[in-house]
Amino acid sequence: MFIDIDNVSKTFLHNKTPILALKEIDLTIEKGEFVCFLGPSGCGKTTLLNMLAGYDTPSEGEIKIDGEIVTKPSIKRVTVFQGYGLLPWRTARKNIELGLESKKINKHERKKIVDEYIDMVGLTDFADHFPYEMSGGMRQKVAIARALAVDPEIIFMDEPFNALDLISRSSIQNSVVDFWEKKKKTIIFVTHFINEAIKLANRIVIFSPYPGIVVRILKVPPGAKIDDSPEYNAIRNEIIDVCEVLA
Amino acid sequence: MKKMIASFLHKLLFAIFAVIILIATWHLIVVFGGFNHALFPPPLVVFATLRDMISSGEIFVHIRISLWRFFVGYSLAVFVGLVLGLIVGRVNFLSKLVEPLIQLIRPVAPVAWLPFIVLLFGIGDMPAIMVIFIAAFYPVLMSTITGSKKVDKRYMDVAKMFEIKQPQVFLKIILPAIFPYIANGMHMGLGTAWVFLVAGEMMGVRSGLGFLIMDSRNNMQPEVLLATICVIALLGLSLDKIITLFESRVNKHWGIGEGE
Ligand SMILES: Nc1ncnc2c1ncn2[C@@H]1O[C@H](COP(=O)(O)OP(=O)(O)O)[C@@H](O)[C@H]1O
Ligand SMILES: [Mg+2]
């Protein structure tokens, strides 16, 4: 197994009272999977993602990736942050280049890679714009291009499409699925939209809050990728049933 | 754009009007206050003196040397203030160590150091440059420290994610992240330093605008003295306008963050 979440709990202190954000999570993820964490807000999705990405550590249990305990972030495992995390003093192009500079890729090669990914997210005409000159959706696309451009093994995405309108949302979802199918990367994607989870993932992990626990893990059959197909409706209804039991 | 020009003209009009009132008041005080014109010359006499100083080129010699000292002292202050501020701001125990020291030494007026500097380095350009340096140093240092402490955690997370190493983290992330703070510190430092330029040149040098002030007092030439004051005011204003322009350029790119 590639990612191994072993009996992980996370407690935060809020005004000196402990809050159990995640309780005894057990989950394994294989290389090349596209997993969605689905659940209402407050159920610990961001917390788990932060620990997977190495920005935080579990209070109990351990997280291993490729057999090693995660202790810090790595360029092999990039995050698309909730709220972009772009550097406002760099143009779209220079933002995407940031990780490539760190990988010591030469200038000529960098330009080629940036052009490829900026084209993938459809922002070729905005390559030299600064973040403040772009809409929220465009910035999000830059953040995605920046993460993908460093050719990571794992990509973590935390509700990355929330700022997008429905049309660009659908088109960027398609680009991400294309990317995943082509490059066989492992993607872990947080969302609270059922449709989005079904469209993107090959497995959906459903969380419930207070305390955050995993309530169900569902495989998404290929047939469910077609809107309104029987498989789609079946899995959708199953998710809704799980959520109704929670509520 | 049109609106901006209109508001600029509006402000300019008021500024011109204010200056006219100032000059008129000055004239009236001299005439009706019964002052001896040889001691307190009216504006027209001062302007005539200024014209002579310009046409003889004398004033430019002093302006040049003053601006040179100013430039050296100020640049040095910006550089040292920035480097120290970055280090102190990002290293927790250093900031706890250095901040009390700053609070202790900062209230000492830059000119208070002047005699000491003269004793130490002798007369020449050094004392004036040092006073300008001290005056500009604190604002740059303080705002760099403040900025360094406020770097958005998200930017640091991005740096960690891409495994960016030092000194790249400083150059690519921290420095640009706090640039608005630095620009503001440079602006404040410029104003303070210009105020102390004159004081710095009152001792140990035989050139510059500060020297000209002392020299005209010693020679009983109040019209030269006042003409020099006009030049100092106009130069200070120009420098301030230049750095304001620089600061707003910076803020255009940096100040508008991510709008969240
Ligand atoms: N840094 C923190 N300090 C204290 N409590 C936190 C912190 N981060 C998250 N929490 C709490 O942990 C729970 C899970 O939060 P989060 O992981 O952000 O949920 P989600 O991403 O699913 O909306 C929430 O109750 C939240 O208030
Ligand atoms: Mg969240």
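Quick note on labels: first sequence line is chain A, next is B, and so on, each numbered from 1. Side chains are part of it too, since the values below use all heavy atoms of this structure and drop only hydrogens, waters and symmetry mates.
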Quick one: what part of A:Arg146 sits under 4.5 Å from any heavy atom of chain B, side chain, backbone, both or neither?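 Contact with chain B involves both backbone and side-chain atoms of A:Arg146.
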Between A:Val78 and chain B, which part of the residue has a heavy atom less than 4.5 Å away: side chain, backbone, both or neither?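 Both backbone and side chain.
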Among A:Glu133, A:Lys103, A:Glu101, which residue has the highest count of heavy-atom pairs closer than 4.5 Å to chain B?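 So the answer, after comparing A:Glu133, A:Lys103, A:Glu101, is A:Glu101.
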With chain B, which of A:Val150, A:Thr79, A:Leu100 has the greatest number of heavy-atom pairs at distances under 4.5 Å?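 Highest number of pairs under 4.5 Å: A:Thr79.
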Surrounding [atom1] of [X] (heavy atoms of other residues, nucleotides or ligands, distance under 6.0 Å), is the total greater than 12?
X        : atom1 : answer
B:Lys149 : NZ    : yes
B:Leu101 : CG    : yes
A:Ile167 : CD1   : no
A:Glu116 : CD    : yes

Strictly less than 4.5 Å between heavy atoms, which residues of residues 158-174 of chain B line up against chain A? Please order them by number.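 B:Val158, B:Lys160, B:Met161, B:Phe162, B:Glu163, B:Ile164, B:Lys172, B:Ile173 fall under the 4.5 Å cut-off.
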Mind listing the closest non-hydrogen atom pair of A:Leu86 and B:Tyr155 along with its distance?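 Heavy atoms only, the tightest pair is O-CE2, 3.5 Å.
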Can you measure from CG (B:Asp157) to CZ (A:Phe81) and round to the nearest 0.5 angstrom?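 So the CG of B:Asp157 and the CZ of A:Phe81 are separated by 5.0 Å.
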